[in-house]
Every structure is written in structure tokens, then in C-alpha cells.
Undergrad: 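For reference, the structure I am asking about is given below.
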Number of protein chains: 2
Amino acid sequence: MLRKETIPLYKKVIDDLKTAIDKGFYKKGALLPSENDLCKTYSTTRVTIRQALSGLINMGYIIRKHGKGSIVTEPKKGLGILSFAGVTAGVGDHKLNTLILQPQVKQPWPLDFFYELNKVELTKGCIYFTRLRQIDGVPVLYEETYITNINLPRFTSKKLENVSLFKTIKDHYNIDILTGEQKIWAVNGDKTVSKLLNIKTSQPIIHMKRRLQTNINDLNIYSSLYCNTQEYFLQDFF
Amino acid sequence: MLRKETIPLYKKVIDDLKTAIDKGFYKKGALLPSENDLCKTYSTTRVTIRQALSGLINMGYIIRKHGKGSIVTEPKKGLGILSFAGVTAGVGDHKLNTLILQPQVKQPWPLDFFYELNKVELTKGCIYFTRLRQIDGVPVLYEETYITNINLPRFTSKKLENVSLFKTIKDHYNIDILTGEQKIWAVNGDKTVSKLLNIKTSQPIIHMKRRLQTNINDLNIYSSLYCNTQEYFLQDFF
DNA sequence: GGTTTGCGCTTGTGTATACAAGTGTGATCT
DNA sequence: AGATCACACTTGTATACACAAGCGCAAACC
């Protein structure tokens with residue numbers, strides 16, 4: 001669990017406001033309380049509050065207008081990582097579910113792994129699992145994930161169905177994604193993938209390889225994804 | 001070109017450090033001067049210096065290590081927009097060239113345009129052009145671009161061959177890209193596109209639609225791209 | 001030789017304050 | 001009624017300071 005003894009005040013402010021926005025307490029276009037109001041609420045000063053607000057700007061939760069206030073915006077879909085969106089704008093999360101095909105298992109890295117690994121990573125081995133994302137029961141994305149097996153006690157027993165992987169590792173191990181890299185191809189799926197996605201092998205699909213770096217040294221998250229973009233597409237805000 | 005009367009100190013610090021990094025004065029992995037050193041240099045306080053440094057973090061120019069310092073990193077490749085990279089890491093820009101197929105022309109927006117346009121955009125019309133990117137003479141990316149025709153004097157006579165579009169509009173009109181959105185599909189190319197990319201219609205290619213918002217109201221850049229990922233791939237850092 | 005400790009450096013977090021400048025509203029003036 | 005002005009409220013920029021905590025190295029210790 002590794003709950004921090006004390007979390008900085010500005011992070012608490014970020015968390016509170018973020019949660020309030022996520023829960024719909026502040027709707028898109030609404031104004032957050034002014035800096036001075038927040039100062040009173042948290043018994044702190046503008047420097048600290050502004051530090052929090054600039055965090056929310058970076059996350060894409062708000063924009064700020066001189067003389068006006070902090071305006072809630074549509075949050076960025078996480079770090080510029082390509083994420084799903086429906087052809088019609090209004091596809092909500094409720095239609096999307098995640099199926100675990102291969103639950104988390106500790107194993108050595110594959111010999112022909114698609115990224116170069118350093119010594120520490122090779123020594124530690126990885127945790128491997130595969131997931132299938134469906135929208136309205138239709139499979140659209142198949143993902144194979146490898147995480148360096150460092151400081152992840154009991155991770156193999158965590159339930160990953162229908163939860164955000166990033167939120168899980170953040171909540172349980174306080175791991176943040178710092179940077180990342182993704183490579184993208186258009187390919188024809190092989191038999192296995194085509195069968196999982198329930199399409200013909202002649203149907204073009206997106207293939208992606210990702211490497212995400214975290215705030216823990218040598219703890220990286222690698223994944224290989226295949227995505228059927230016939231009815232849906234991949235989307236990216238920045 | 002619209003020089004501000006007074007620019008804030010923290011912006012000057014950002015600019016100075018950014019320039020120094022770009023010019024190679026601080027190389028990748030090197031440490032910037034400490035906050036206190038910068039305080040002395042600019043006769044200011046840590047709050048202001050930290051404001052500048054956090055700007056550089058956002059731009060991806062540095063990362064910071066507690067107890068260590070500000071470390072210069074490889075700058076982000078433009079805003080998380082997917083960009084090219086070779087299968088082998090070492091593909092340099094010198095191998096890539098840009099061919100203008102349809103030079104810039106002022107015209108009304110297409111009737112069935114792929115993004116929704118507002119009244120101002122519709123009134124102003126657009127500037128349209130198409131480009132073909134080649135690596136070693138092999139065509140890999142075909143791009144159709146539409147820019148709202150606002151405040152772009154003489155843009156139709158600018159030469160776009162082998163130059164960065166973003167750098168051109170930044171240098172000549174002081175236009176910055178603020179935010180963006182891109183959608184991605186895997187498709188089989190139609191006859192026209194397949195011919196341009198010199199591939200069979202059965203070859204899967206990437207299709208992207210992009211919308212880039214600038215610092216000028218209603219001046220947006222739209223593009224529709226087709227990319228052959230047989231030998232190369234699209235890459236994205238964040 | 002190897003370990004521990006202390007110290008000076010760094011960034012991280014926070015308080016208290018000040019003035020500049022943009023936005024909107026209501027009172028006042030014409 | 002319509003334009004102008006003053007004011008309150010907002011964020012933007014900046015100063016000055018304090019203590020916490022991580023890093024690296026050298027001196028001291030065993």
C-alpha cells in the first residue's frame with residue numbers, strides 16, 4: 001500500500017478539485033472557486049493554490065482567464081496516449097468493458113522482446129497479462145502488457161477487470177506515468193489476433209507498441225496492442 | 001512582428017534557457033545552473049525561477065531531480081503529434097523530403113468537410129494544399145491540409161518544399177499551435193491514394209484526421225493524412 | 001578496506017505580502 | 001437611454017523568507 005505519511009497540500013488540492021470535476025460537481029464551462037476562496041478553504045496562500053491549479057492546467061482539467069477565473073474544460077485523455085472514442089461523439093465509458101484473457105503472471109522477459117531492456121529489468125523479470133477491450137460486447141482492442149517486476153507486492157492477485165490499470169498502480173503503489181513512446185503501424189492481423197478481434201485476416205488493423213516510463217527506476221510498462229478501427233477509431237488530444 | 005512592450009521575467013528566463021539548450025550550450029543529460037545560481041543571474045527569487053523551470057518541464061526540455069538539479073532531456077517532438085521515425089533508430093531528417101502536389105490555393109471549404117466548422121471559419125474560407133513526404137525517394141505519407149484563411153497575407157506564395165509548416169507560420173505570422181486532436185484508422189487505400197503512395201490497394205495504411213488549434217481565434221489547421229507503414233512507422237513521444 | 005556520519009549542495013513545499021492588469025457590474029453623468 | 005467611470009473581484013507577476021528532504025562526497029570511524 002505504501003500510503004504516504006504526509007501528502008503535500010498542493011497535491012491534496014489537485015486531488016480534491018480533480019475528483020470534484022470528475023464527479024461532475026463542477027461541470028464543463030463552470031468556474032472553480034477563486035484563488036482567494038481556495039486559500040481560505042485550505043488555510044494557505046496563493047502560491048500553493050496556484051501550484052495546484054497549474055497542475056490541473058497541465059492535466060487539461062481547466063484553463064484560466066485573466067480577470068475571470070479557472071474554467072473547467074474537457075479533461076485530456078491521459079498523457080497523449082491514444083485512447084478510444086466512438087464514431088459518434090457520445091460514446092461513454094459505460095459501454096466499454098475489459099476482459100482479462102491471461103491474468104497476471106510472473107515470468108522472465110520473452111527472448112525476442114520488442115524493446116531493449118537494461119540489466120536491472122532483465123534480472124527482475126516481468127509480470128505479463130493480456131486484456132481484451134470490448135464496446136457493446138464487440139471486441140475492439142487486444143493488449144499484451146509487460147511490467148517490470150519491481151515493488152509490486154500482490155499485484156498478481158489484483159483484479160484488473162473493468163478498472164484502469166494506471167489508476168490501480170497509482171492507488172496501490174503510488175506509481176505515476178512520467179513519459180512514454182508509442183509506435184504505430186497498419187497491418188493485417190495474424191490468425192490469432194484476427195480471431196480474438198472477430199475479424200477476417202484481410203481486415204486492416206492498427207498495431208501499436210508502447211513503452212511507458214514511471215517514477216520508479218527501471219519500472220517500465222510495455223505493451224503491444226492490436227486495434228480494430230472498423231467501427232471505432234483511436235483518438236488523441238494534446 | 002508584434003513585439004511585447006515588456007515581457008515577464010520568467011518568460012525571459014524560459015526563452016534564454018530554451019535557446020541555450022537548442023543551440024547545444026547545454027547538452028542532453030547536462031545540468032542547468034541551480035535555482036539559486038539563476039536567482040543571482042537574474043536578480044530574482046526562487047519562485048520566479050521555479051515558474052520558468054516548470055515551463056521548461058512542460059515543454060519537455062528538462063526533468064528535475066530532487067537533490068540533484070535540472071537535467072536537460074531530448075525535447076518532445078512537437079506536441080505529441082505523431083511524427084515519423086525509421087525502423088532503424090538512426091533515420092535522420094536529411095533522408096526525408098517534402099513534395100508539394102497541390103500548391104496553396106484559396107477556396108471555400110469542401111461541402112462535406114471532415115470537421116464541423118464555425119461561422120467565422122465558413123465565412124473566411126480556407127487555404128488548401130497537398131504534400132507528399134518521401135524517405136529516400138519512396139513516398140510514405142500523403143497529406144491534405146486546410147487552413148482557415150485569416151491573417152495569412154502572401155501565404156499562397158510561400159514555398160513549402162522541404163520546410164516545416166509549423167516553423168513557417170510561426171516565423172512569418174507568429175502563430176503557435178496550442179492544442180490538437182487526431183483520429184486514427186487502419187484502412188485499405190483507395191486507388192488515388194494507393195497510386196500516390198505507390199502501393200497495392202490491399203496494403204493496409206494508416207489514415208489520420210487532425211485538427212490543430214492555434215493562438216489566433218478561428219484559425220485552425222485541419223489535415224487528412226495517409227501513411228504507408230510497411231517500412232517505416234509513426235512515432236509519438238510524450 | 002569498508003562503513004558510517006556529517007555537511008553542503010540541490011530541489012520540494014509552504015507562508016506572507018505587494019502591485020499590475022483584465023473583467024464585469026452598477027452608479028453616475030450627460 | 002446611452003455612454004462613462006469607479007470599484008470590486010479576478011488572475012498575473014514578483015519579492016523575501018523558512019524549513020524539509022534527497023543527493024553526493026569527503027572526513028571520520030571501526
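Below, chains carry the letters A, B, ... as their sequence lines are ordered, and counting in each starts from 1.
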Undergrad: Return the value, rounded to whole Å, for the distance between atom CD1 of A:I71 and atom C1' of D:dT11.
TA: 11 Å

Undergrad: Roughly how many Å is it from CG in B:L53 to C1' in C:dT13, rounded to a whole number?
TA: 16 Å

Undergrad: Roughly how far apart are A:L17 CG and A:L32 CG, rounded to 0.5 Å?
TA: 5.5 Å

Undergrad: Would you check if B:C126 and B:T148 make a side-chain contact, meaning some heavy-atom pair closer than 4.5 Å?
TA: no

Undergrad: For a quick check, with a 4.0 angstrom heavy-atom cut-off, what is the B/S/- contact string for nucleotides 12-22 of chain D, read 5' to 3'?
TA: BBSBB-B--BB

Undergrad: Charged N to carboxylate O below 4.0 Å: is that the case for B:D15 and B:K11?
TA: no

Undergrad: Whole angstrom is fine here: how far is it from CD1 in A:I63 over to P in D:dT11?
TA: 13 Å

Undergrad: Expressed as a whole number of angstroms, how long is the span from A:L38:CG to C:dG14:C1'?
TA: 16 Å

Undergrad: Quick one, A:Y61 and A:I14 - any side-chain contact, counting heavy atoms below 4.5 Å?
TA: no

Undergrad: Provide the full list of salt bridge (Lys or Arg N to Asp or Glu O under 4.0 Å) pairs with a residue in residues 39-48 of chain B, sequence neighbours left out, each pair given once.
TA: B:E35-B:R46

Undergrad: Is the distance from OP1 or OP2 of D:dT10 to the nearest side-chain N or O of A:S34 less than 4.0 Å?
TA: yes

Undergrad: To the nearest 10 degrees, what angle separates the axes at the start and end of the helix from C:dG1-D:dC30 to C:dT30-D:dA1, five pairs each?
TA: 0°

Undergrad: A:D37 CG to D:dA8 P: how many Å, rounded?
TA: 17 Å

Undergrad: Tell me, do B:I63 and B:V72 make a side-chain contact under 4.5 Å, heavy atoms counted?
TA: no

Undergrad: On a heavy-atom basis, which atom in B:P110 and which in B:Y146 lie closest, and how many Å separate them?
TA: CG-CE2, 3.5 Å

Undergrad: Please state how far atom CG in A:L31 lies from atom P in D:dC9, giving the value in whole angstrom units.
TA: 16 Å

Undergrad: Any cation-pi pair here, B:K209 with B:W185, using under 6.0 Å and within 45°?
TA: yes

